[in-house]
Amino acid sequence: MTTPTNRTKTPKAMPSKPINSYTLAAQSASTKRSYAQDVRHFKANGGKVPATPQMVAEYMAKFGGVLAVATLAHRLITIHRAHTDKGFESPVKDRLVKRTMQGIWRTFEWHRSGRGHWSKMIYWN
């Protein structure tokens with residue numbers, strides 16, 4: 001019989017000033033504005049950070065067929081980043097969210113773009 005072990009997270013070291021300046025420069029001002037707008041939309045429609053996979057899937061389902069599939073994919077990237085940037089596990093990696101987005105993609109985009117292109121966008125390591 002095995003017993004569970006307590007695993008502690010290694011504390012994150014504070015980045016140096018050069019690292020901090022480079023990471024701030026990694027995104028353009030327009031990308032930062034776009035991400036902020038996406039997070040506001042997610043929160044205005046019942047989302048929060050941290051979110052559950054169910055919450056993200058419901059958000060995606062609400063806007064499937066209303067917003068472009070590319071817009072929804074961008075929103076998932078934003079939600080993922082909003083979580084990981086704050087040290088939370090991303091709900092976007094959950095099977096429910098992935099399957100919901102795959103269903104939206106197959107319903108609204110399959111005929112337009114051929115087979116399998118969207119699926120590569122959402123499978124982060």
Side-chain angles (χ1 to χ4, degrees):
M1 178 189 234
T2 60
T3 58
T5 59
N6 284 338
R7 295 184 185 197
T8 57
K9 290 184 178 180
T10 305
K12 291 184 180 180
M14 294 299 293
S16 65
K17 285 185 181 182
I19 291 173
N20 212 16
S21 68
Y22 289 136
T23 59
L24 290 173
Q27 292 180 331
S28 70
S30 65
T31 298
K32 291 175 187 176
R33 283 192 305 272
S34 175
Y35 281 2
Q37 181 180 2
D38 287 354
V39 169
R40 281 193 303 274
H41 188 267
F42 177 62
K43 288 180 177 179
N45 286 282
K48 65 179 184 174
V49 178
T52 64
Q54 178 75 30
M55 189 181 298
V56 176
E58 291 290 347
Y59 171 77
M60 301 309 289
K62 180 178 180 177
F63 290 101
V66 176
L67 298 175
V69 173
T71 300
L72 293 175
H74 188 272
R75 298 271 166 90
L76 284 180
I77 292 166
T78 300
I79 293 166
H80 171 79
R81 291 286 309 270
H83 283 76
T84 59
D85 286 353
K86 292 184 177 185
F88 297 120
E89 185 174 327
S90 175
V92 175
K93 291 182 172 186
D94 189 86
R95 178 175 165 74
L96 177 66
V97 175
K98 290 179 185 181
R99 297 293 290 174
T100 301
M101 188 60 190
Q102 287 170 341
I104 291 168
W105 182 80
R106 283 187 62 92
T107 301
F108 298 105
E109 284 292 316
W110 185 259
H111 66 283
R112 292 181 59 195
S113 62
R115 299 184 75 211
H117 298 293
W118 180 84
S119 63
K120 294 177 184 174
M121 294 175 62
I122 202 62
Y123 290 98
W124 292 286
N125 294 328

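FYI, the numbering just counts along the sequence from 1. Heavy-atom basis, side chains included; hydrogens, waters and symmetry copies ignored.
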Answer yes or no: is there a side-chain heavy-atom contact under 4.5 Å between Thr71 and Phe63? no

Which atoms form the tightest heavy-atom contact between Gly64 and Phe108, and what is the distance? C-CE1, 3.7 Å

Of all the heavy-atom pairs spanning Thr84 and Ser90, show the shortest one and how long it is. CG2-CB, 4.2 Å

Only counting residues at least two apart or in another chain, list the ones meeting side-chain contact (heavy atoms from CB on, under 4.5 Å) with Ala51. Phe42, Met55, Val56, His83, Pro91

Which atom pair, heavy atoms only, marks the closest approach of Val49 to Ala82? CG1-O, 3.8 Å

Kindly state each residue pair satisfying salt bridge (charged side-chain N to carboxylate O under 4.0 Å, His left out) with at least one member in residues 67-91, sequence neighbours excluded. Asp38-Arg75, Arg81-Asp85

Checking one residue: Leu96. Which other hydrophobic residues are in its cluster under the side-chain 4.5 Å linking rule? none

So which atom in Met60 and which in Thr100 form the shortest heavy-atom distance, rounded to 0.1 Å? CB-CG2, 4.2 Å

Honestly curious: do Leu24 and Val39 fall in one hydrophobic cluster under the side-chain, below-4.5 Å linking rule? no

Lys32, NZ: over 12 other non-hydrogen atoms inside 6.0 angstrom: yes

Atom of Val97, atom of Ala57 and distance for their closest heavy-atom approach: CG2-N, 4.1 Å

When the ring planes of His41 and Tyr59 are compared, do they come out parallel, tilted or perpendicular, using 30° and 60° as the limits? perpendicular

Shortest non-hydrogen pair, His80 vs Lys93, comes out as CE1-CE, 4.0 Å

Rounding to 0.5 Å, atoms NE2 (His74) and CG (Leu67) come to a distance of 12.5 Å

In this structure, CE of Met14 is separated from CG of Asn20 (nearest 0.5 Å) by 7.5 Å

The reported gap from NZ in Lys62 to CG in Asn45 (rounded to nearest 0.5 angstrom) is 4.0 Å

